[in-house]
Amino acid sequence: MDQFVPVKRSKDGQPVRYLIVDDSVFARKNLGRMVETFGGQIAGEAGDGLTAITEYDRIVPDIVLMDITMPQMEGIEAAEKIVQQHPDARIVMVSSVGYQENIVAALQRGARHFVQKPVKPEVLYEVIKYVLGEDGSVAQAAGAGA
Amino acid sequence: MKMELIQPFINAADAVLAQGLKAPMAVGHLSMEEETYRRKGIAALVWLTGDIEGRIIFDLDPPTAAKVASGFAGMEVSETDDMVREAVCELANQVIGNAVATLNDQGFQFRVHPPVLHTSEHGSKSTEDTEALVLCFETASGNVFMNIALRYNATQSQAAAV
């Protein structure tokens, strides 16, 4: 897997903490490995929208990567409920069902961005930097600015 | 079953398999399934409901499933690992999700249900209004079969027209 310059939290230089929500264990593990190559840390996982809400309350991650099609409660509804309770929540929808209507619905209900599956690591990396904005910092490469 | 329904699934399988396996694939044998569906190996089933309804099954023999899972995971996954079954479900989810995205942008409305493992040896037989088409995708990891049985939902279409 590609290596990326680590993205850290600006406030304390600590790794960005992720909550990964997907009903597929395989997808969660893949996304987990991907964000670890970005210097991130997996703070929690959930396999459905309902569990995602309780996990968010428990761990308050920096970023949520949220699937859409899931049992119990789908991702867009879960994103809306999380944002109602935590207006600053940064939720990135990660789904193969990336049609216009779904993307618009997700953004209107509080998601910050949308990434289409299969996920390209370089795309997710850029989206994470964008969503973190000033709250994220990319470590300078060795020798930069010297 | 019209080709306009099938083509997005072929395109999506091409894109997803090529990216996951980092190698091109070819569309091989294509046939109508006359008899009852008979599982070949590890199979994931996805139901669609809405303007178009039916089911799609992705079916891979165990060695191929393990190679595909390894390709998608970027690490070795053995045939006995539960991750192989999870990977086949995720492959189905990604291909069908991408195809549905294309069809939705063409105006079709439907819901994709989460993939489930098809564990029984046999499935239902094709009917006149829901013929099953079997496509074989030839990859460097082995053959990936997509068994697709969809039909236009007249009730939904009529309701939308009123």
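We name chains A, B, ... by the order of the sequence lines, and we start the count at 1 in each one.
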(Q) Heavy-atom cut-off 4.5 Å, strictly under: side chain, backbone, both or neither for Arg111(B) against chain A? (A)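 Side chain of Arg111(B) only, per the 4.5 Å heavy-atom cut-off to chain A.
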
Q | Engaged part of Gln94(B) at the chain A interface, taking heavy atoms whose separation is under 4.5 Å | A |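 Both parts, backbone and side chain.
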
Say you draw a straight line from [atom1] of [X] to [atom2] of [Y]; how long is it, rounded to the nearest 0.5 Å?
X         : Y        : atom1 : atom2 : value
Ile96(B)  : Thr69(A) : CD1   : OG1   : 10.5 Å
Arg85(B)  : Ser24(A) : CZ    : OG    : 13.0 Å
Phe108(B) : Tyr99(A) : CZ    : OH    : 13.5 Å

In this structure, would [X] and [Y] fall into the same cluster of hydrophobic residues linked by side-chain contacts under 4.5 Å?
X         : Y         : answer
Val112(B) : Phe114(A) : no
Leu19(A)  : Ile128(A) : no
Val95(B)  : Leu30(B)  : yes

If you look at every heavy atom in [X] and [Y], which pair is closest and at what distance?
X         : Y         : answer
Ala101(B) : Ser96(A)  : CB-O, 4.5 Å
Gln100(A) : Asp105(B) : N-OD1, 3.4 Å
Val119(A) : Gln19(B)  : O-NE2, 3.6 Å

**Q.** Under 4.5 Å from a heavy atom of chain B, the part of Lys29(A) involved
**A.**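 Side chain only.
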
Q) Is any side-chain heavy atom of Glu90(B) less than 4.5 Å from a side-chain heavy atom of Asn30(A)? A)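 Heavy-atom side-chain distance check fails, nothing below 4.5 Å.
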
